[in-house]
**Student:** 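Would you mind keeping the following structure in view while I ask a few things?
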Amino acid sequence: MAEPTFDLIDSVTLSSSASSVSFTGLTQSYRDLVVIATGTTTSSDYRGIQFNGDTSNSYYLVNAAANGTSLSGNATGNTRVLWEYYQPSGTGTVNQAIFQIFDYSTTNKQKPVLVRNGSLASGDVVVEMRATRWANTNAITSITFMIGTAQYNAGSTFEIYGVLG
Amino acid sequence: MTPPIPLGFLDFPTAGGSAYDWLETQELSSTAATISFTGLNSLTDYKHLQVRAVTKGNNSSAYNLRYYFNGDNGLNYHWHYLRNNGSGFSANQTSASYIENGFANGVNDFGVSVIDILDFSNPNRYTTTRSEHGLVDSIGYNMIYRTSGGWKNTVALTSMTFYPNTSSFAIGTRLSLYGLRG
Amino acid sequence: MTYKLIETIDVGSGSAASIEFTGIPQDGKAVEIKFSGRYDTYASSQIGINLNSDTTTSNYSYQLLRASNTTVSGQNSSNIYYGATINEGGDGANFFSSASLIFPNYASSQQKTWSMDGIRSNSTSAQTIHLVAYLWTGTSPITSIKLVDPSGTIAQYSTASLYIIS
């Protein structure tokens with residue numbers, strides 16, 4: 001028997017700029033989360049999501065990027081699940097990212113994440129695909145979109161969907 | 001594991017209701033050589049299928065997720081990948097007796113995959129799969145992939161069987177099947 | 001529930017010049033298109049896109065990551081080429097592509113960005129993988145999405161489904 005899923009858990013559309021956006025008290029009723037985010041920032045800076053307020057260097061990633069005809073790959077640790085690895089230098093950069101977070105409510109697995117993102121600005125564009133592992137077996141109860149010293153502009157959107165499984 | 005039985009009048013109609021349905025999950029509490037979804041030919045309410053996989057192999061040489069359809073493990077498949085291990089890109093294509101997508105990892109961490117099979121019951125096309133998958137291992141084995149797969153057969157799908165390239169699936173491996181209306 | 005089918009377009013006999021979704025409802029947060037297609041005869045693995053009938057190529061820019069057989073490359077341009085991955089006409093009657101296009105915030109008054117993840121399936125060495133990020137500078141809500149290329153027609157049994165995520 002089938003059960004409908006892919007349910008909106010929470011969303012935010014910024015009415016003014018913000019240095020972070022947090023979703024707390026996440027329901028533990030789903031199997032996976034799909035997070036969709038888009039918008040612009042006040043300046044070029046590293047963005048990403050952190051789980052349960054964990055700001056430690058416990059997010060390990062492998063990234064692949066195309067920027068024009070230039071190709072690059074990286075494998076490293078970081079303090080967040082990166083929204084983008086490569087930051088376009090152009091003005092008016094518009095960004096979007098889709099995060100797939102698997103088994104987020106389990107307590108016996110580290111948390112794998114797949115990301116695909118694009119950043120496009122005048123004269124500088126990038127598309128990336130990335131896998132990340134949050135080296136923590138705790139269930140994910142909060143997700144915070146953060147950014148270094150810049151801010152997310154008004155109009156930026158953040159949505160969290162739950163998928164049963 | 002199967003989803004709970006819908007409550008009659010609360011069951012969602014096709015038009016205007018949800019188009020993304022959770023159909024089945026298989027999660028291992030003991031090791032297993034294969035995991036299969038069967039009865040795919042009965043899924044007449046759906047246009048597309050999606051599999052979400054969280055997989056791990058039972059030894060350090062088990063690092064690839066493979067699958068085939070309808071019990072056919074003859075040389076009737078082809079697949080093509082684009083990948084990066086953090087040091088550089090590579091791409092290749094292969095004809096084989098399976099499609100190789102995603103990861104089953106040796107002893108440490110789980111690989112993950114999202115596999116789409118569009119228009120899966122159309123008798124006028126070969127079965128085509130598209131997958132995004134990846135792994136970041138705690139012993140330094142990292143990979144991010146995009147992969148296509150094809151089964152050169154137009155018959156209706158009845159089953160999909162998954163297995164690791166060697167050994168067996170580890171405890172905690174989970175495969176979930178979804179149907180998309182269309 | 002959040003994920004709703006709005007429309008499926010199946011190309012019938014005689015092929016089609018394009019696949020177009022119009023009158024897209026504006027009550028969602030994102031749109032996803034699942035597309036599987038093949039050209040009748042045209043030898044190309046991509047089909048163009050335009051939004052809200054805007055065919056001004058300078059209003060679009062994309063960044064492409066591509067694998068063509070064993071060659072990996074990147075490309076960016078101001079154009080509408082890589083709307084979705086499609087099988088070439090010469091690939092054989094039963095081979096069809098598979099692509100997912102996701103448009104976040106499609107109903108907003110902001111510039112629009114989306115991603116396309118697509119593959120061209122084949123049993124020969126002619127296989128392709130595309131990952132594309134796109135920008136449209138239009139600030140109107142997206143009410144129509146068209147997959148089209150003036151050089152080719154879309155073969156029978158190609159199909160596209162549009163879903164609203166809300």
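Please read all numbers here as calculations on a predicted model, not as lab measurements. Letters go in sequence order (proteins before strands), and every chain restarts at 1.
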**Student:** Where the side chain of Thr128(B) meets the backbone of Phe96(C), is there a donor-acceptor pair that is under 3.5 Å apart?
**Tutor:** yes
**Student:** Working to the nearest 0.5 angstrom, can you tell me the gap between Phe89(B) CZ and Thr71(C) OG1?
**Tutor:** 13.5 Å
**Student:** Heavy-atom cut-off 4.5 Å, strictly under: side chain, backbone, both or neither for Asn122(C) against chain B?
**Tutor:** backbone
**Student:** Under 4.5 Å from any heavy atom of chain C, what part of Tyr77(B) do you find: side chain, backbone, both or neither?
**Tutor:** neither
**Student:** Could you give me the CA-CA distance, side-chain angles and deciding distance for Arg146(B) and His130(C), then say whether side chain to side chain contact (heavy atoms under 4.5 Å, CB included) is met?
**Tutor:** CA-CA 9 Å; Arg146(B) 288 295 188 273; His130(C) 295 139; over 6 Å; no
**Student:** If you count heavy-atom pairs under 4.5 Å with chain B, which of Gly118(C), Ala93(C), Ser100(C) comes out on top?
**Tutor:** Ser100(C)
**Student:** Please state whether the side chain, the backbone, both or neither of Thr128(C) comes within less than 4.5 Å of a heavy atom of chain B.
**Tutor:** backbone
**Student:** Where does Asn122(B) contact chain C at under 4.5 Å (heavy atoms): side chain, backbone, both or neither?
**Tutor:** side chain
**Student:** Go through the steps to decide whether Ser125(C) and Gln93(B) satisfy the test side chain to side chain contact (heavy atoms under 4.5 Å, CB included), and finish with yes or no.
**Tutor:** CA-CA 7 Å; Ser125(C) 60; Gln93(B) 53 199 27; 2.9 Å; yes
**Student:** Assess the residue pair Phe35(C) and Leu118(B) against the criterion (side chain to side chain contact (heavy atoms under 4.5 Å, CB included)); give the C-alpha distance rounded to whole Å, side-chain angles, the decisive distance to 0.1 Å, and a yes or no.
**Tutor:** CA-CA 8 Å; Phe35(C) 169 73; Leu118(B) 302 187; 5.8 Å; no
**Student:** Distance from Ile117(B) atom CD1 to Lys34(C) atom NZ, nearest 0.5 Å?
**Tutor:** 11.0 Å
**Student:** Ignoring hydrogens and angles, write down the donor-acceptor pairs under 3.5 Å from the side chains of residues 37-44 of chain B, residues two or more places apart or on other chains.
**Tutor:**
unit_1, atom_1, unit_2, atom_2, d
Ser42(B), OG, Gly39(B), O, 2.6

**Student:** About how many Å separate CG of Leu82(B) and OG1 of Thr70(C), when rounded to the nearest 0.5 Å?
**Tutor:** 11.5 Å
**Student:** Could you tell me whether a side-chain N or O of Asn94(C) sits under 3.5 Å from a main-chain N or O of Lys152(B), the two making a donor and an acceptor?
**Tutor:** no
**Student:** Which answer fits Thr124(C), side chain, backbone, both or neither, if we ask what part of it has an atom under 4.5 Å from a heavy atom of chain B?
**Tutor:** backbone
**Student:** Can you say whether Thr127(B) sits under 4.5 Å from chain C via the side chain, the backbone, both, or neither, judging by heavy atoms?
**Tutor:** neither
**Student:** Counting only heavy atoms closer than 4.5 Å, note whether Leu131(C) contacts chain B via side chain, backbone, both or neither.
**Tutor:** side chain
**Student:** Can you tell me how far the CG atom of Asp117(C) sits from the CG atom of Asp116(B), to the nearest 0.5 Å?
**Tutor:** 9.0 Å
**Student:** Does Arg130(B) reach the main-chain N or O of Ser98(C) with its side chain, forming a donor-acceptor pair under 3.5 Å?
**Tutor:** yes
**Student:** Could you tell me which portion of Asn92(B) (side chain, backbone, both or neither) has an atom closer than 4.5 angstrom to a non-hydrogen atom of chain C?
**Tutor:** both
**Student:** Using non-hydrogen atoms only, which part of Thr8(C) is less than 4.5 Å away from chain B: side chain, backbone, both, or neither?
**Tutor:** side chain
**Student:** Measure the OH-CG distance between Tyr126(B) and Asp91(C) for me, rounded to the nearest 0.5 Å.
**Tutor:** 11.5 Å
**Student:** Given side chains that start at C-beta, do those of Ser148(B) and Gln127(C) come closer than 4.5 Å, heavy atoms only?
**Tutor:** yes
**Student:** Might you work through the side chain to side chain contact (heavy atoms under 4.5 Å, CB included) test for Tyr20(B) and Thr2(C), ending with a clear yes or no?
**Tutor:** CA-CA 9 Å; Tyr20(B) 188 101; Thr2(C) 306; over 6 Å; no
**Student:** With no hydrogens and no angle check, do the side chains of His48(B) and Ser36(C) hold a donor and an acceptor under 3.5 Å apart?
**Tutor:** no
**Student:** Minimum heavy-atom separation for Ser121(C) to Gly150(B), with atom names?
**Tutor:** OG-CA, 4.1 Å
**Student:** Locate the shortest heavy-atom distance separating Val72(C) from Ala91(B); write the atom from each residue and the value.
**Tutor:** CG2-CB, 3.7 Å
**Student:** Give the interface residues of residues 152-163 of chain C toward chain B, defined by a heavy-atom separation under 4.5 Å.
**Tutor:** Tyr157(C), Ser158(C), Thr159(C), Ser161(C), Tyr163(C)
**Student:** Side chain, backbone, both or neither: which part of Thr94(B) has an atom under 4.5 Å from a heavy atom of chain C?
**Tutor:** neither
